[in-house]
Amino acid sequence: MKINRKVSKALAAAFLALSAVSIADSSWATPGRTDANGCHTSRTSGYHCHNSGSGSGSSGSGSSSPSGGGSEGVCLTFNDCMSRGETQLKSNPAQALNYFQQALLLKPKDIQAFTRINVVEPYVMAIPGSCPDLKTCMNLGYAGMKQKDYQTALVNFKRALAFNLGNQYAIDAIGNVSRYIQESRN
């Protein structure tokens with residue numbers, strides 16, 4: 001039981017560190033740091049869009065879908081959000097990200113929504129920081145995992161995925177570290 005408490009405390013510390021970096025990263029948002037729809041997540045107003053024609057700056061509303069229906073970009077239930085996100089993954093990753101973010105707002109401790117967000121982000125936005133190549137990013141991520149620095153691991157695995165979109169090792173690593181972070185919240 002003592003080991004589990006240590007792991008739990010380490011996971012909680014990693015979550016707090018990730019939260020701090022997430023807030024810091026979102027405060028850097030500029031037009032160059034928006035997704036394909038001109039949207040980003042800010043610490044004050046959540047996920048929202050600039051110059052997208054949606055006119056909504058409220059958290060979780062996102063932008064309307066490319067087909068033009070304003071309500072098509074908003075989902076009302078967790079399952080609806082996840083289903084819409086999965087449907088949009090290949091054709092419109094930015095809209096899929098929007099749906100997964102809405103799902104996480106509805107169920108903040110959900111591992112699947114949190115993981116999907118982390119896997120989709122490298123497809124639609126630049127991941128802050130740098131490393132020279134996929135292998136180095138993966139190794140930095142594994143080192144972060146070994147040190148139980150899950151925030152650093154997650155960022156490096158996302159950078160690795162950005163080098164080779166679809167890389168199953170990076171996707172699996174993002175899934176694992178996302179699960180550790182979300183489990184620490186429960």
Side-chain angles (χ1 to χ4, degrees), residues 3-30 32-37 39-43 47 82 85-101 103-104 107-186:
I3 293 174
N4 287 339
R5 288 184 184 193
K6 285 182 180 180
V7 170
S8 179
K9 286 181 182 179
L11 288 170
F15 168 70
L16 290 173
L18 178 62
S19 296
V21 168
S22 177
I23 289 169
D25 284 347
S26 66
S27 67
W28 296 349
T30 64
R33 298 179 67 60
T34 58
D35 62 25
N37 290 330
C39 305
H40 68 101
T41 303
S42 76
R43 67 186 158 133
Y47 185 76
M82 293 300 293
E86 295 294 337
T87 301
Q88 292 290 324
L89 267 176
K90 290 186 180 185
S91 63
N92 189 348
Q95 186 61 50
L97 178 62
N98 177 23
Y99 286 130
F100 294 136
Q101 288 171 330
L104 195 62
K107 261 186 161 175
K109 295 181 180 182
D110 187 78
I111 293 170
Q112 183 183 9
F114 185 71
T115 300
R116 285 290 194 227
I117 289 168
N118 288 316
V119 169
V120 174
E121 280 180 342
Y123 288 81
V124 297
M125 62 182 62
I127 304 302
S130 65
C131 53
D133 55 45
L134 180 133
K135 185 177 179 180
T136 302
C137 292
M138 290 298 290
N139 286 334
L140 288 169
Y142 292 134
M145 291 287 288
K146 187 174 181 180
Q147 296 171 356
K148 298 184 175 153
D149 183 356
Y150 301 120
Q151 161 242 331
T152 298
L154 179 61
V155 169
N156 282 298
F157 292 141
K158 287 162 84 171
R159 289 178 189 151
L161 184 58
F163 275 106
N164 183 1
L165 295 174
N167 181 283
Q168 196 59 50
Y169 293 110
I171 291 170
D172 291 345
I174 290 169
N176 289 333
V177 74
S178 294
R179 189 177 67 250
Y180 292 146
I181 292 167
Q182 281 298 81
E183 285 175 352
S184 73
R185 295 177 177 176
N186 295 330

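Summarising the geometry, atom NZ belonging to K109 is positioned 10.0 Å from atom OG belonging to S184; distances are rounded to the nearest 0.5 Å. Remark: T87 OG1 to Y99 OH distance equals 9.0 Å, nearest 0.5 Å. Taken to the nearest 0.5 Å, the CG atom of N176 stands 12.0 Å off from the CD1 atom of I171. For the atom pair CD1 of I117 and CG of N98, the computed distance is 10.0 Å after rounding to the nearest 0.5 Å. Note that CZ of F163 and CE of M138 are 12.5 Å apart. Values are rounded to the nearest 0.5 Å. Between R185 atom CZ and I181 atom CD1 the span is 7.5 Å, to the nearest 0.5 Å.
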Let me see the working for F100 and L89 under side chain to side chain contact (heavy atoms under 4.5 Å, CB included), right down to the final yes or no. CA-CA 10 Å; F100 294 136; L89 267 176; 3.9 Å; yes

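At least one donor-acceptor pair closer than 3.5 Å links the side chain of N118 to the backbone N or O of F114.
With contacts defined as side-chain heavy-atom distances shorter than 4.5 Å, the pair K148/Y150 qualifies. Side-chain contact check for Q182 versus L104: some heavy-atom pair is nearer than 4.5 Å. No side-chain heavy atom of T152 sits less than 4.5 Å from a side-chain heavy atom of L140.
Pairing each heavy atom of G141 with each of A153, the nearest pair is O-CB, 3.3 Å. The two residues A94 and V124 have their closest heavy-atom pair at N-CG1, 3.3 Å. Closest of all the heavy-atom pairs between T115 and S178 is OG1-CB, 3.3 Å. For the residue pair L161 and P122, the shortest heavy atom distance occurs at CD2-CG, 3.9 Å.
Applying the salt bridge (charged side-chain N to carboxylate O under 4.0 Å, His left out) test to residues at least two apart or on different chains, the pairs with a partner in residues 151-171 are E121-K158. Applying the ring pair (Phe, Tyr, Trp, His ring centres under 6.0 Å) test to every pair with at least one member in residues 118-149, sequence neighbours left out, gives these pairs: Y142-F157.
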